[in-house]
Enquirer: 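This is the structure I want to talk about, given as structure tokens.
Here the structure is a predicted model, which is why all the values come from computation and not from measurement.
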Amino acid sequence: MEANRISAPREGWLRTVVDRFYALAGLKDIAGDPPMPGDANAPHAAQAHSAAVAAQAADAAADQGAAPLVPSLPGAAGPDYADAVSRSFENTAAAVDFLVHVDARLHFLYVSDASLRFAGYHREFLLGATLADIVTPEHHERLEALIARAAHSGAVEKDTIDLVKALTYPLPVELRVQRAQYGETTGFAVAGFDVSGWQGTEAALTHALHHDPLTGLPNQTALAPALQRAQADADHFGVPVALLLLDLDDYQRVNRALGYDAGDELLRETARRLTHLALQGEMIARIGSDEFAILITPQRHAAPDEVRAAAEALGRRLLTSILQPYSFRNQPVHLSASIGIAFHPDQRPDASAASEADGSADTTPLIRRADQALQQAKAIGGNTLTLHVPVDDPTDAMRLKLESDLYDGVRNGEFSLHFQPITSSASRGVVGVEALIRWQHPLHGLVPPSTFIPLAESVGLINYLGNWVLKAACMQLTQWDEQGIELQYVAVNVSPQQFRNPRFRESVEEAIELTGVDPGRLVFEITESLLMHDPQHAKTLLEELTSLGIRFAVDDFGTGYSSLAYLQRFPLSKLKIDRSFVENLITSRNDQAIVNAVVGLARTLDLELVAEGVETEAQRELLTNMGCEHIQGWLVCKALPSEELQQRFVSGALHVHEVQ
């Protein structure tokens, strides 16, 4: 079996063979000197001795260096008995592919019958040859080193060496060698096991690990070490390397229109075209569904400008090749591609001077820079190539740092609520407030919501912050009630992620139960785009929360999907006119016409109307005359912490609207 050929013999296996030999001879626990040349039974006893030595070679942990047990066969034993013993031993030792004993000069002293069949030689040839004669010339040094280690240590030493089978072709064999006696001759016991099958399996697995099964090209696993070597060589020899990333434009349309069989065939054809255009020394790999990488490693004497020109020229040839019509089952298919090219080291004219000046080096991975160039090419529209242009822009680093600070801010309690009053146009009394989250950064001060809200959404903190805002706003409303400042409602902004969270309704109910606030005093401000993202889900959730008494206002009305259809479909209570229509209301007839239309729409649908961003008395007067019921903006009051807003009520600067 193949498993027996590539694995070590079981512990004491050949020693058991010798013990059985003793039993056949009718001898137990007999130790004697090695057979002498004149002994009639010497050949058979020598075989038994070789078996014991081979047992030492195959079992590195057992009695290393000890003299083998050898039976002293009685002279009365006839030749038939000796032949039976020899046949028994040979049959047992046949499980070892190659079992021999050699002297110090590697001449064969004993060769098993199985070894003759395995190596393909006649016994007469081997007994006149040396072990080195059947080893490939390339492995002579390895054989000499193996013998030297075995002679020095006295233990079992092993190495994989190619034997020349029948003087024709090499065969990998794991040789296990131990210093041992053969009769009176000092030499080595050698046991060998065929590992060609194992090496073939290993090679197949290695190939599968490093190659794409669809196209046969190297994959990303193979590309990664090649990139490391190429960048190390570029740093050492001063000659830049280039990496091209090619992505087929809108390739999924082929799969959608023609099926995956067509997509696979076109990918194989693309791989053939790229391979045909590649020059010697260029590595082509498939690293994604429809993305390929071409690594250019130029000659060591090439100039940087030559490398740059060669990379651009190859990229243009690749684009032209992809543009040639494909065909699948006689149906023509047209494709295009985008290519991003990056170099290592960086190819900016002032890159070297900049690095020397600040003592830094370009450590951005080459594949990342090539991907950035590829994304730029695709953003342009595709069917083009783009060279990576390093930009000393700290935006990305600042964003990462701010994301980290955002988590710290949550842990350290750096967030707070500010409240902006919403007043009645008629009485100018405060009917409610809008709760606005603020982040007081320990170093940067007050961070604008337009900066940290998108960050919170991208890192998954928006649900936590939104729930905190809701609970804090409800608690503040009840605290003002206790102080005699009884507002009609508090408005809370709800982000799209928060609204689509399956636990949103549960978190709302928790906030109401925790604070004891009347749900009718809660207004959730949502955007038009939030409603239209999944209208059915939005309608269901709005109806569930409206049944609790909560009201909904459409924020920034007029900037999204403004239409009578969705206003009638959803259970809404308020519209908030976006500040962009209020800003130029006095001078812009178009803005006045839009606001008049929104006022009429709100009256028709029985919706309350709030105008945002009111900053002048003229704007308030005009909005009041148009019929806008409520206003919000700096004209009344900017957003303030709860304590400062409370002082405005205490001082009389603000007063609560009295319901008639």
Side-chain angles (χ1 to χ4, degrees), residues 410 413 415-422 430-438 449 453 456-457 460-527 530-531 533-534 536-555 569-576 606-608 610 630 632 639-643 645-646 649 656-657 659:
V410 170
F415 291 90
S416 62
L417 284 186
H418 286 199
F419 298 87
Q420 187 169 33
I422 300 171
V430 179
V431 295
V433 291
E434 180 181 358
L436 301 169
I437 188 171
R438 294 292 185 262
I453 292 296
E457 292 176 339
L461 282 176
I462 193 64
N463 287 323
Y464 173 84
L465 291 177
N467 292 337
W468 175 81
V469 168
L470 176 59
K471 293 176 181 177
C474 292
M475 292 180 67
Q476 185 59 58
L477 190 62
T478 58
Q479 289 178 11
W480 280 332
D481 288 345
E482 295 173 357
Q483 297 164 1
I485 306 173
E486 298 182 1
L487 304 177
Q488 294 180 19
Y489 65 87
V490 60
V492 177
N493 290 278
V494 177
S495 76
Q497 284 189 22
Q498 189 180 5
F499 188 79
R500 292 192 289 267
N501 189 335
R503 295 192 67 253
F504 177 60
R505 176 178 176 175
E506 182 180 342
S507 63
V508 172
E509 292 174 342
E510 288 177 357
I512 294 173
E513 183 179 359
L514 176 67
T515 60
V517 71
D518 180 2
R521 301 176 68 188
L522 283 179
V523 174
F524 286 165
E525 296 189 2
I526 56 179
T527 61
L530 180 151
L531 294 173
H533 178 267
D534 186 351
Q536 186 57 46
H537 171 263
K539 183 175 184 295
T540 301
L541 186 56
L542 260 64
E543 289 175 346
E544 291 176 353
L545 294 176
T546 302
S547 65
L548 299 177
I550 298 172
R551 293 176 291 169
F552 286 87
V554 178
D555 199 12
R569 180 177 184 181
F570 299 111
L572 303 172
S573 299
K574 298 176 181 289
L575 297 181
K576 299 190 74 173
D606 194 22
L607 300 174
E608 293 183 8
V610 179
H630 302 101
Q632 176 182 355
L640 296 173
S642 58
E643 297 82 2
L645 189 62
Q646 178 181 336
F649 284 104
V656 177
H657 172 72
V659 180

Enquirer: With Glu506, which residues qualify under salt bridge (Lys or Arg N to Asp or Glu O under 4.0 Å), at least two apart?
Expert: Arg503
Enquirer: So, taking the atom named CG in Asp606 and the one named CG in Leu572, what distance separates them when rounded to the nearest 0.5 Å?
Expert: 12.0 Å
Enquirer: Mind checking side-chain hydrogen bond (donor to acceptor under 3.5 Å, both in side chains) for Asn493 and listing every partner two or more places apart, or none if nothing turns up?
Expert: Glu434
Enquirer: With sequence neighbours excluded, what pairs up with Ala538 under the side-chain contact (heavy atoms from CB on, under 4.5 Å) test?
Expert: Phe499, Leu531, Phe570
Enquirer: For a 4.5 angstrom cut-off between non-hydrogen side-chain atoms, does Pro496 reach Glu457?
Expert: yes
Enquirer: Tell me, which pairs form a salt bridge (charged side-chain N to carboxylate O under 4.0 Å, His left out) where one or both residues lie in residues 515-527, sequence neighbours left out?
Expert: Asp481-Arg521, Glu525-Lys576
Enquirer: Rounded to the nearest 0.5 Å, how far apart are OH of Tyr489 and CZ of Arg551?
Expert: 7.0 Å
Enquirer: How many angstroms lie between atom CG of Leu417 and atom CD1 of Ile437, to the nearest 0.5 angstrom?
Expert: 6.5 Å
Enquirer: State the CD-NE2 distance between Glu608 and His630, to the nearest 0.5 angstrom.
Expert: 5.5 Å
Enquirer: Please enumerate all residues that pass salt bridge (Lys or Arg N to Asp or Glu O under 4.0 Å) together with Arg505, with sequence neighbours excluded.
Expert: Glu509, Glu544
Enquirer: Under 4.5 Å between any side-chain heavy atoms of Leu470 and Cys474, yes or no?
Expert: yes
Enquirer: Please enumerate all residues that pass ring pair (Phe, Tyr, Trp, His ring centres under 6.0 Å) together with Phe552, with sequence neighbours excluded.
Expert: Phe524
Enquirer: Applying salt bridge (Lys or Arg N to Asp or Glu O under 4.0 Å), name anything that partners Glu543, two or more places apart in sequence or on another chain.
Expert: Lys539
Enquirer: Might you point out which heavy atoms bring His418 and Ala639 nearest each other, and give the distance in Å?
Expert: ND1-O, 3.7 Å
Enquirer: Check side-chain hydrogen bond (donor to acceptor under 3.5 Å, both in side chains) between Gln483 and all other residues, then give those that pass, not counting sequence neighbours.
Expert: Gln646
Enquirer: Which donor-acceptor pairs under 3.5 Å do side chains of residues 460-468 form with protein atoms, sequence neighbours excluded?
Expert:
{"unit_1": "Asn467", "atom_1": "OD1", "unit_2": "Ser507", "atom_2": "OG", "d": "3.3"}
{"unit_1": "Asn467", "atom_1": "ND2", "unit_2": "Asn463", "atom_2": "O", "d": "3.2"}

Enquirer: Which residues pass the side-chain hydrogen bond (donor to acceptor under 3.5 Å, both in side chains) test with Lys471, not counting sequence neighbours?
Expert: none
Enquirer: Name all residues meeting the ring pair (Phe, Tyr, Trp, His ring centres under 6.0 Å) criterion together with Phe415; count only those two or more places apart in sequence or in a different chain, and write none if there are none.
Expert: Trp439, Phe452
Enquirer: How many angstroms lie between CD in Glu486 and CG in Leu477, if you round to the nearest 0.5 Å?
Expert: 9.5 Å
Enquirer: Are Leu542 and Ile526 close enough, and set up right, to give a side-chain contact (heavy atoms from CB on, under 4.5 Å), and what steps lead you there?
Expert: CA-CA 11 Å; Leu542 260 64; Ile526 56 179; 4.3 Å; yes
Enquirer: Taking side-chain hydrogen bond (donor to acceptor under 3.5 Å, both in side chains) as the test, write out the residues that go with Thr515, two or more places apart.
Expert: none
Enquirer: May I ask you to test the Leu645-Pro421 pair for a side-chain heavy-atom distance under 4.5 Å?
Expert: yes
Enquirer: Please test Ile512 against Leu522 for side-chain contact (heavy atoms from CB on, under 4.5 Å), starting from the C-alpha separation and ending with a verdict.
Expert: CA-CA 9 Å; Ile512 294 173; Leu522 283 179; 4.1 Å; yes
Enquirer: Please evaluate residues Val490 and Trp480 with respect to the criterion side-chain contact (heavy atoms from CB on, under 4.5 Å), reporting the C-alpha separation (whole Å), side-chain torsions for both, the decisive distance (0.1 Å), and the verdict.
Expert: CA-CA 11 Å; Val490 60; Trp480 280 332; over 6 Å; no
